[in-house]
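A short write-up of the structure that comes next.
This structure is a prediction, so every number in the text was calculated from the model and none was measured. Counting starts at 1 for both ligands and their atoms, following the listed order.
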Amino acid sequence: MVRIAIIGTGGMGNAHAQEYQKIKNCKVVAVCDVAAGRAAAFAEKYKVKQHYTNFADLLDGAEIDAVSIVTPDSTHAQLSLQAMAAGKHVLCEKPLATNYPDALKMARAAARKGVINMINFSYRNSSAIQKAAAIIASGDLGQVVHVHGSYLQSWLSSKVWGDWKTTPAWLWRLSSAHGSRGVLGDVGVHLLDFATFPVGPARTIEAKLRTFSSIKGKQLGGYTLDANDSAVISLEFAGGALASLHTSRWATGQANSVSLVLHAEHGAIRIDLDKSYTRLEICRGKDVDTCSWKTLDCGRTPSIYERFVRSIRTGVNDQPDFARGAEIQKLLDACFTSEETGKSVRI
Ligand SMILES: NC(=O)c1ccc[n+]([C@@H]2O[C@H](COP(=O)([O-])OP(=O)(O)OC[C@H]3O[C@@H](n4cnc5c(N)ncnc54)[C@H](O)[C@@H]3O)[C@@H](O)[C@H]2O)c1
């Protein structure tokens with residue numbers, strides 16, 4: 001039995017609890033949340049025996065093998081380091097940290113301690129992106145030349161996820177003082193992983209980050225709403241391909257849309273997660289000359305939670321690990337440098 005503790009019992013904490021419940025020989029045995037009453041209510045909801053309001057107390061008192069860190073971004077580094085120092089395996093939410101030096105420290109600590117370490121780049125659960133990566137790696141389509149990707153949300157211009165002005169989980173995401181790195185750190189991080197996973201590492205990156213005027217500099221309760229909410233990224237891969245990536249919370253009409261198009265010498269791949277997680281569209285062979293596309297069924301990929309538990313059992317660390325989280329964090333930091341300097345940044 002793999003015994004897990006969930007740290008942070010907000011929106012995403014529920015997803016972790018529900019996913020672990022589906023896995024055999026794995027049990028959530030403790031939870032922790034600093035908000036009084038929340039850990040207890042969560043423990044009751046998911047029939048978890050032990051609940052804490054202090055992480056150090058949980059590490060002292062609960063018999064666990066692993067932790068899922070599902071707290072706001074600013075706390076990931078400290079909580080993960082604490083857990084690893086206690087010899088626990090860690091699945092940490094994205095982004096790994098709020099800057100590259102912290103992320104690197106986490107990746108190095110994981111390697112030193114020899115614990116299983118993974119970051120929840122949840123769109124890797126899509127079998128379509130796994131299949132795309134395998135097709136590109138096979139070389140069948142030749143060199144990738146162009147990549148076009150986007151992660152678009154509209155919770156600032158709609159009520160699709162409620163009223164952000166009264167929801168703490170949205171408000172901390174708009175505030176640098178609360179450790180948010182804006183839409184770039186929140187979902188741009190997924191997009192950077194999604195686009196570079198099948199194609200390879202970046203050589204240079206250039207970004208324009210914006211905080212659209214109706215909220216910029218505004219104070220709402222204890223929150224200064226200054227974090228970026230829109231980003232356009234231009235990225236050159238080490239292999240030579242060019243990418244154009246776009247992410248925003250102002251993409252009116254799109255709730256949570258992730259898409260990727262890869263154009264290679266002898267074919268192309270389209271993924272649209274609004275349409276399917278398990279199918280991609282492909283244009284190759286004779287279809288190239290008529291620009292025709294076929295749909296490919298990609299089967300099922302085990303979820304990150306299944307892969308994390310399997311890694312603990314086998315001792316073989318699956319991807320994406322903390323080193324990968326740190327690699328993506330480096331790209332995030334480079335986007336901020338590019339915005340500040342107005343220049344392209346070499347990775
Ligand atoms: N992988 C994904 O697709 C995905 C989706 C949503 C959120 N997330 C990530 O999950 C994390 C949590 O997001 P959320 O939407 O659930 O936020 P949330 O604000 O709804 O919940 C965070 C919870 O953590 C608690 N908390 C804060 N500091 C703590 C600490 N030091 N120890 C224990 N508990 C603490 C808060 O009281 C709150 O209950 C974020 O890092 C976010 O980026 C990932």
Please could you name the atoms of ligand 1 that Ile7 approaches to less than 4.0 Å, counting only its heavy atoms? 33 (C)
Would you indicate which of Val34, Ile119, Asn14 comes nearest to atom 34 (N) of ligand 1 when only heavy atoms are counted? Val34
State the CG-CD distance between Asn120 and Glu19, to the nearest 0.5 angstrom. 9.5 Å
Got an N/O contact under 3.5 Å between Gly11 and ligand 1? yes
Give yes or no for whether the N/O distance cutoff of 3.5 Å, strictly under, is met between Met12 and ligand 1. yes
So which heavy atom in the protein is nearest atom 11 (C) of ligand 1, and how far is it from that ligand atom? Thr71 O, 3.3 Å
Within 4.0 Å of some non-hydrogen atom of Asp73, the atoms of ligand 1 are 40 (C), 41 (O), 42 (C), 43 (O)
Report the part of Glu93 in contact with ligand 1, treating N, CA, C, O as backbone and CB onward as side chain, heavy atoms under 4.0 Å; options are side chain, backbone, both, neither. side chain
Atoms of ligand 1, numbered as shown, that sit under 4.0 Å from any heavy atom of Val70: 10 (O), 11 (C), 12 (C), 22 (C)
Using a 4.0 Å heavy-atom cut-off, which part of Trp172 comes near ligand 1: side chain, backbone, both, or neither? side chain
Exceeds 12 heavy-atom contacts within 6.0 angstrom, atom NZ of Lys88: yes
For the CZ atom on Arg313, are there more than 12 heavy atoms of other groups (residues, nucleotides or ligands in this structure) within a distance under 6.0 Å? yes
Does ligand 1 have any atom sitting under 4.0 Å from a heavy atom of Pro72? yes
Are any non-hydrogen side-chain atoms of Phe212 and Ser230 less than 4.5 angstrom apart? yes
With the threshold set at under 4.0 angstrom, would you say His76 reaches ligand 1 through any of its heavy atoms? yes
Taking atom 13 (O) of ligand 1 as the reference point, the nearest protein heavy atom with its distance: Arg173 NH2, 3.6 Å
